[in-house]
Student: 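Take this structure first; my questions come after.
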Amino acid sequence: MSGLNNNFMETILILAHTEADGSLAKTAREALHAAATLHKALAGSKLVAGLIGENVQAAANSIGASPVTQYFGVTGAEFTQARYATDAAAAAAVCQAAGATVVVAAATSRWARVLPGVAQRLGGRADTHVTGVAAADGKISVNRWYYRQRMEGVLTRTQRPWVIGIDPGSQPACECGAGAVAVELVAVTLPDSAQRTTVTGLREPKADAQTIRPDAALLFVTGAGWTKKQADGQTHVPAAEKLILDFLKQSRASLGSSKSLVDLGGEGQAVLPFLSHLNQIGQTGATPRHAKGLSTCCHGEEPHTVGWRFIGERRAISLDPNCGWARGKADVLYVADAFAVISKVNELLAAKA
Ligand SMILES: Cc1cc2nc3c(=O)[nH]c(=O)nc-3n(C[C@H](O)[C@H](O)[C@H](O)COP(=O)(O)OP(=O)(O)OC[C@H]3O[C@@H](n4cnc5c(N)ncnc54)[C@H](O)[C@@H]3O)c2cc1C
C-alpha cells in the first residue's frame with residue numbers, strides 16, 4: 001500500500017508477547033508508550049493490541065486503561081516459548097486480523113529476529129533499533145542511529161504495514177493502569193514444521209554473578225589500567241577485583257568494560273574473572289542507557305566512548321590528564337589513582353549503609 005494521502009487513517013498495533021508468568025515486560029510497556037505517542041499525534045488513528053502467549057487475558061487487563069481500543073490474542077502452549085516459526089506466524093496473524101498499517105514492538109532479542117520476517121510475510125517494511133517516533137501533518141517518522149551511534153537519522157515510509165522495533169530503554173514505560181477488557185482470539189494453524197525447535201532450558205549466571213544490569217542508574221566501567229603495573233612497579237589484580245566487586249555490591253551499578261580489559265582474558269592473562277565480552281562497551285560492544293556513567297582506569301578512546309552515546313552524566317577517573325576523557329568525552333575527569341578513589345568511595349558507601 002503506497003502513496004498515502006493525508007486522509008489515510010492508520011491502525012497502529014502494539015505487538016507484545018507475555019512473560020512466563022503471563023505479565024507484560026517493561027520493554028512491552030515502552031513500546032506501548034511509543035505506539036500511544038503515534039496514536040495521539042495522528043488524528044483519526046486507531047490503537048489496537050496484539051498479544052501472544054499461553055494466555056493473554058491478564059496481560060491485556062494489565063493495560064486495560066491504556067488508549068488501546070481493541071485487543072487481539074494468539075494463545076496456546078505452543079506460543080509460550082521464543083521460537084521464530086511460531087512467533088512469526090502468530091505475529092503475522094494478529095497483524096492481519098487487526099488490519100494493522102503500523103506495527104510497534106519492543107526490539108527484544110525475541111522480537112528483533114522475528115519482526116523483519118513478519119514485515120516480509122505481510123508485504124510491508126521493517127525498521128529496527130528505532131529510538132524515537134513522531135507524527136506531524138499525518139506523516140509518521142522514526143529515529144535511529146547509524147555508524148555505531150555516531151549519526152542520527154530520521155526516516156519516513158509510505159509502505160504499509162510498517163513494522164517498527166523500538167530499542168529497549170529508549171522510551172519511558174507506559175504508566176497506563178489496569179482494567180477488564182475483552183480479547184478477540186485469532187486462530188493460527190501451525191504445521192508440524194513450525195514446532196521443530198524446542199527451548200529445553202535457560203542458562204544464566206547466578207544472581208550475584210550477573211553484573212550487567214540494564215535498569216541500574218549507574219554504569220561503572222573498568223579499563224585495562226586495573227591490571228597494569230602501578231606506581232610500585234607491581235600489578236594488583238586481586239586488589240582490583242575486590243575493589244570493583246565491593247563497589248558493584250554496594251552501588252548496584254551495571255558493569256561495563258573497555259575492549260582491552262575484556263580481551264586480556266581471552267589472551268590468558270590475569271584479569272577479572274567476572275568480565276566477559278558481554279560487558280564490553282563501545283564500537284564493537286554495547287551502547288547501554290544509564291543516567292550516569294563512571295569510567296575507571298580506561299583511556300577513553302573514541303572506539304570505546306562511542307558506546308557512551310546514551311549515558312547521561314559522564315565521569316572518569318584516570319591517571320592520565322591527556323586521556324580521551326579530558327578531550328571532551330567526559331563531563332568531569334578526576335586525574336587520580338582509581339585504586340585510592342574507589343577504596344575511599346567503598347568506605348563511604350559502607351558507612352552510609
Ligand atoms: C576496530 C576497533 C574497534 C574497537 N572497539 C572497541 C570497543 O568496542 N570498546 C573498547 O573499549 N575499545 C574498542 N577498541 C579499542 C580501543 O581503541 C582502545 O584500545 C581500548 O578502549 C583501550 O582500553 P583501555 O582504555 O582500558 O586501556 P588502555 O589504553 O591501556 O588505558 C588504560 C588507562 O588506565 C589508566 N590507569 C592505569 N592505572 C590507573 C590507576 N591506578 N588509576 C587511574 N587510571 C589508571 C592509564 O593512565 C590509561 O589511561 C576498538 C579498536 C578498534 C581498532
Side-chain angles (χ1 to χ4, degrees), residues 129 145-151 167 169 211-214 218-248 251 253-290 292-311 314-349:
H129 292 296
W145 292 81
Y146 291 93
Y147 189 39
R148 295 305 298 180
Q149 334 305 341
R150 287 186 177 92
M151 293 184 297
D167 253 5
T211 55
I212 299 170
R213 302 177 179 131
L218 177 71
L219 171 71
F220 181 72
V221 162
T222 51
W226 283 107
T227 61
K228 297 269 160 80
K229 283 185 182 160
Q230 296 299 307
D232 59 1
Q234 307 294 317
T235 60
H236 296 277
V237 179
E241 183 175 343
K242 183 163 178 356
L243 284 173
I244 294 163
L245 287 179
D246 279 356
F247 179 79
L248 291 177
S251 65
S254 187
L255 179 64
S257 178
S258 71
K259 185 175 188 303
S260 292
L261 185 53
V262 173
D263 286 352
L264 284 173
E267 290 158 13
Q269 295 191 35
V271 271
L272 309 167
F274 45 85
L275 279 175
S276 79
H277 68 280
L278 292 174
N279 295 92
Q280 185 182 319
I281 308 295
Q283 181 175 331
T284 43
T287 312
R289 291 161 199 275
H290 298 275
K292 294 183 180 184
L294 177 64
S295 154
T296 53
C297 294
C298 161
H299 199 73
E301 284 180 29
E302 173 69 9
H304 174 73
T305 56
V306 72
W308 284 60
R309 166 68 72 190
F310 302 120
I311 304 296
R314 306 164 180 203
R315 298 192 180 199
I317 307 170
S318 173
L319 285 173
D320 185 351
N322 289 316
C323 67
W325 298 110
R327 298 162 193 245
K329 305 291 188 195
D331 301 301
V332 178
L333 169 66
Y334 304 98
V335 179
D337 177 0
F339 281 82
V341 176
I342 298 302
S343 167
K344 184 70 189 169
V345 169
N346 283 349
E347 215 178 286
L348 294 172
L349 286 172

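Indexing begins at 1, ligand by ligand and atom by atom, following the structure's order. Residue numbers count from 1 along this sequence.
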Student: Looking at Lys329 and Glu301, is there a salt bridge between them, counting it only when a charged N and a carboxylate O are closer than 4.0 Å?
Tutor: no
Student: Do Leu218 and His290 have side chains that get closer than 4.5 Å, going by heavy atoms?
Tutor: no
Student: What residues sit with at least one heavy atom under 4.0 Å from ligand 1?
Tutor: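 Those residues closer than 4.0 Å to ligand 1 by some heavy atom are Gly223, Ala224, Gly225, Lys228, Gln230, Ser258, Lys259, Ser260, Gln280, Ile281, Gly282, Gln283, Thr284, Gly285, Cys297, Cys298, His299, Glu301, Pro303, His304, Ile317, Ser318, Leu319, Asp320, Ala336, Asp337, Ala338, Phe339.
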Student: Measure up the His304 and Trp325 rings against each other and bin them: parallel (under 30°), tilted (30 to 60°), perpendicular (over 60°).
Tutor: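 The rings of His304 and Trp325 stand perpendicular, inter-plane angle above 60°.
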Student: Show the atom names and distances, to 0.1 Å, of all donor-acceptor pairs under 3.5 Å that link a side chain in residues 331-338 to residues at least two apart or in another chain.
Tutor:
{"residue": "Asp331", "atom": "OD2", "partner": "Arg314", "partner atom": "N", "Å": "2.6"}
{"residue": "Tyr334", "atom": "OH", "partner": "Arg315", "partner atom": "NH1", "Å": "2.6"}
{"residue": "Asp337", "atom": "OD1", "partner": "Phe339", "partner atom": "N", "Å": "2.9"}

Student: Taking all non-hydrogen atoms of both residues into account, name the closest pair between Val262 and His277 and its distance.
Tutor: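 That would be CG1-CA, 3.4 Å.
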Student: How about Tyr146: does its OH atom have over 12 heavy atoms from other parts shown lying under 6.0 Å from it?
Tutor: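 Atom OH in Tyr146 is crowded, with more than 12 foreign heavy atoms closer than 6.0 Å.
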